[in-house]
Structure formats: C-alpha cells, structure tokens
Amino acid sequence: MSLSEFALIERFFAPLGLVSSNHNRGVALSIGDDCALLETPVGQQLAVSIDTLVENSHFLPNTAATTVASRAFGACLSDLAAMGAEPAWMTLALTLPETDEAWLTDFASQLAELAALYRVILVGGDTTKGPVLTVTIQVHGWVPKGQALRRDQAKAGDHVFVTGTLGDSAAGLDQLQTTGNVNALVQRFNQPCPRISSGLLLRDWASAAIDISDGLLADLGHILERSQLGAEIELTRLPLSEVLTANYPLKQAQQWALAGGEDFELCFTVPAEKITAFKQVAAEHPVPITRIGQLTKNPGLYLIKGDGSRQQTTARGFQHF
Ligand code: ADP
Ligand code: MG
C-alpha cells in the first residue's frame, strides 16, 4: 500500500470518530487505542448488527465509492430501525486490494455525511489488504430495556403494515442492468433510506417488526415463523411508487414489491385494538405507512387478489446459498 495503514486511518477515518461535548454518544475513548470505550445510557439495551458487502457478490466492480458507502451503511442502519433502536456507534472493517486515494476520499466523505445525519460515531475498525474489496460495518444502537421490536411477538389478528413503497430497489437494479441510466429507481437501490424515525415511533405501537432486505414475503415469513402464525396480504394494497408503475407493467411491479430485495422498508404488525389510534399517528408520520393485510392463527401465507380470490404463496426471497 502506498499510504501506510495508520496514515490511511488517520486521514480518512479518524475524523468520523471525533466526539465533542454536544455529540459524544457515550464515547469515552474513540479510534486509536486497542479498543474503544463506550457507555450505554442507563436503562437501555445495546442493539448490535453487522453487514458485509463484497465486490462482485453484492456490488459490481467500478460501483461508485459513494454508493458502496450508502448501501453498506443503509443496510446496517435498517437493522437498527427494525428493532426500534437509536443509532449510536459503528465500526468499519475494510479489505482493500489497493489504496486508491480517490476511492477512499469519496467513500469516507459519504460515510461521514450519513454518520452525521444519523448521529453515529465511528469508534474503530480494521484495515487490511486483500484480493477483493470488502466492506463490513457493524452498528450499535440503544433501545430502552424491553422495548425492542422483535420478530417473535406478533399475535393472530394483528394488522400488517409497511413503510414507504415496495419494489423500487429491484426495479432500480433492473434499470442498472438494462439501461444503465441513473433515475429515481436506481437511487432507491443505490441509496437505501433506513427508517430509523419509523422504528422509534413503532416502539409504542408494533407487536413485531422486520426490515425488508430479502423481499416482503420472505421477511414477513420470518415474523410468521418466529411468531407461529399465518397471514393474508391484499395484493391491491401494496404501496407502489408512481415511478415504478410508470415504467413497468403492474404485474412486474407487484412481483418486485412481493419478492424483490433491498427496499429496506419496515414491515410490522399492530394489535387490532390499537389500530384506530395508530392510524391517526401514522397519518402524521413523515414516512407513508400502509396497511397491507392481517395475521391469522392458521399458518400459511395467502395473497388476496383484487377479485377476492385467495392464493397460497411461499416466502421466496434472496438467499445466498
Ligand atoms: P489493532 O492492531 O489493535 O487491531 P489497528 O492497528 O488495526 O489496531 O487499528 C488502530 C486503530 O485504528 C484502532 O483503534 C482501530 O479501531 C482503528 N481502525 C482501524 N481501521 C479502521 C477503520 N477502517 N475505520 C475506523 N477505525 C479503524
Ligand atoms: Mg487491527
């Protein structure tokens, strides 16, 4: 490496670890020692999640460094959102084939921008040379003890909701692979928007939540499995963006909404007795919230079509192996 490992950390990543009196997030010791020293606020639990992006597996060679940073950070933060946790810290493991200063500049500045936006301090990491560009981010968030949104607490009769719109990211990937043009759909794929504020709101309302990384059916399937329930999803209620339906046939759009990955929206359940009050709160929330179905005591995942017919479906989604 032309730039020494320590010079690289100092120049590109140490700035993301700086704390100030009004932004210390409980960091007693940041980047530069063998470990960081961190304090979790009294009464809060630590929510921890890690995600890895590997060149060729998760992104194409020559993907912009800013996109790699956005996708790595967004995927990770989305897990905190799904638990109802407030982001606080992250660590970063980078494996680089070479020290490309332009790439590092773009990557670090995008990460810094997002970290500032979500109030996350970079408290450490590891930097290595290796054959394939690999980015691993671990995030740590806080959630009041007992208030985390788990997958296993849903009940029959709970209503199923999602945030935002579904299918855009899969359509964005399709656009990248076919036209190569960057448009609003590609933006959704390149720059996932973790629904942290929605997760914080849902602490008071949801019985269970998950983020949609592998596709709605697959991820809702995890809630069903862990809570031992079934669900009925109304096809016509799936929230589809205008840009998606303007560019693709409805069937394709619905297919992506059900099984396309990486939307990083939240899918969550709300007990029936809370629905009236929740609808009012949801209407004022800055992120659209749509009711798409209901949980059933009988297992199985069913799609209800526009004509009222029911069709059993399987929870297909992206799987690595
Ligand atoms: P050690 O040898 O103890 O593992 P390193 O030499 O790997 O420490 O790292 C020195 C310091 O720089 C540590 O505090 C580590 O957490 C931090 N660090 C290393 N790589 C990164 C990175 N990519 N981003 C942020 N901090 C990093
Ligand atoms: Mg190390």
Side-chain angles (χ1 to χ4, degrees), residues 1-41 46-81 85-142 190-192 194 196:
M1 291 200 192
S2 50
L3 202 61
S4 85
E5 180 189 335
F6 298 107
L8 185 158
I9 296 164
E10 193 57 35
R11 176 162 152 205
F12 295 105
F13 298 110
L16 280 72
L18 294 177
V19 298
S20 62
S21 52
N22 62 359
H23 180 54
N24 67 39
R25 311 299 268 151
V27 177
L29 186 61
S30 189
I31 293 173
D33 211 311
D34 295 309
C35 292
L37 296 174
L38 311 168
E39 273 155 52
T40 309
L46 194 58
V48 180
S49 181
I50 186 165
D51 273 294
T52 296
L53 293 186
V54 182
E55 188 171 61
N56 296 316
S57 292
H58 302 94
F59 59 92
L60 297 168
N62 300 320
T63 297
T66 50
T67 298
V68 176
S70 294
R71 290 189 55 217
F73 185 87
C76 234
L77 269 266
S78 179
D79 286 324
L80 290 184
E86 175 190 350
W89 312 312
M90 65 175 165
T91 53
L92 169 69
L94 271 184
T95 298
L96 307 167
E98 56 183 353
T99 45
D100 176 342
E101 293 188 25
W103 190 93
L104 282 163
T105 302
D106 289 349
F107 178 84
S109 67
Q110 181 68 12
L111 200 60
E113 196 175 299
L114 292 168
L117 188 65
Y118 289 91
R119 305 194 68 234
V120 178
I121 295 178
L122 181 65
V123 295
D126 201 22
T127 306
T128 50
K129 188 178 165 94
V132 184
L133 175 61
T134 306
V135 177
T136 300
I137 297 181
Q138 183 177 46
V139 286
H140 305 72
W142 302 328
N190 281 348
Q191 293 174 4
I196 295 295

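Residues take their numbers from the sequence shown, with the count starting at 1. In listed order, ligands and their atoms are each counted from 1.
- The backbone N or O of Phe59 sits nowhere less than 3.5 Å from a side-chain atom of Thr63 that would complete a donor-acceptor pair.
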Run Gln191 and Thr67 through side-chain hydrogen bond (donor to acceptor under 3.5 Å, both in side chains) and show every step you take. CA-CA 7 Å; Gln191 293 174 4; Thr67 298; 5.6 Å; no
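- With values rounded to the nearest 0.5 angstrom, Leu53 atom CG is found 8.0 Å from Thr136 atom OG1.
- At a 3.5 angstrom cut-off on N or O pairs, Asp126 counts as close to ligand 1.
- Asp33 is linked by a side-chain hydrogen bond (donor to acceptor under 3.5 Å, both in side chains) to nothing, counting only residues two or more places apart in sequence or in another chain.
- Taking the six-membered ring where the residue is Trp, Trp89 and Trp142 present perpendicular rings, their angle passing 60° and hence far from 30°.
- Which parts of ligand 1 touch Phe6 is read off a 4.0 Å heavy-atom cut-off, strictly below it: atoms 6 (O).
- When only interatomic distances are considered, the shortest N/O to N/O separation between Phe13 and ligand 1 does not fall below 3.5 Å.
- Residue contacts with ligand 1: Ile9 is placed with no nitrogen or oxygen under 3.5 Å of a nitrogen or oxygen of the ligand (distance criterion only).
- If you number the atoms of ligand 1 from 1 as listed, the ones under 4.0 Å from a heavy atom of Asp34 come out as 3 (O).
- Of all atoms in ligand 1, listed by their number and element, those nearer than 4.0 Å to a heavy atom of Thr127 are 19 (C), 20 (N), 21 (C), 22 (C), 23 (N).
- In terms of modelled atom types and a separation under 3.5 Å, the side chain of Arg25 and the main chain of Pro87 share a donor-acceptor contact.
- The contact set between ligand 1 and Asp33, taken as ligand atoms under 4.0 Å from a residue heavy atom, comprises 13 (C), 14 (O).
- For Phe12, the heavy-atom gap to ligand 1 stays at 4.0 angstrom or more.
- With sequence neighbours excluded, no residue forms a salt bridge (Lys or Arg N to Asp or Glu O under 4.0 Å) with Arg119.
- Atoms of ligand 1 found under 4.0 Å from any heavy atom of Leu122 (numbered from 1 in listed order, with element): 24 (N), 25 (C).
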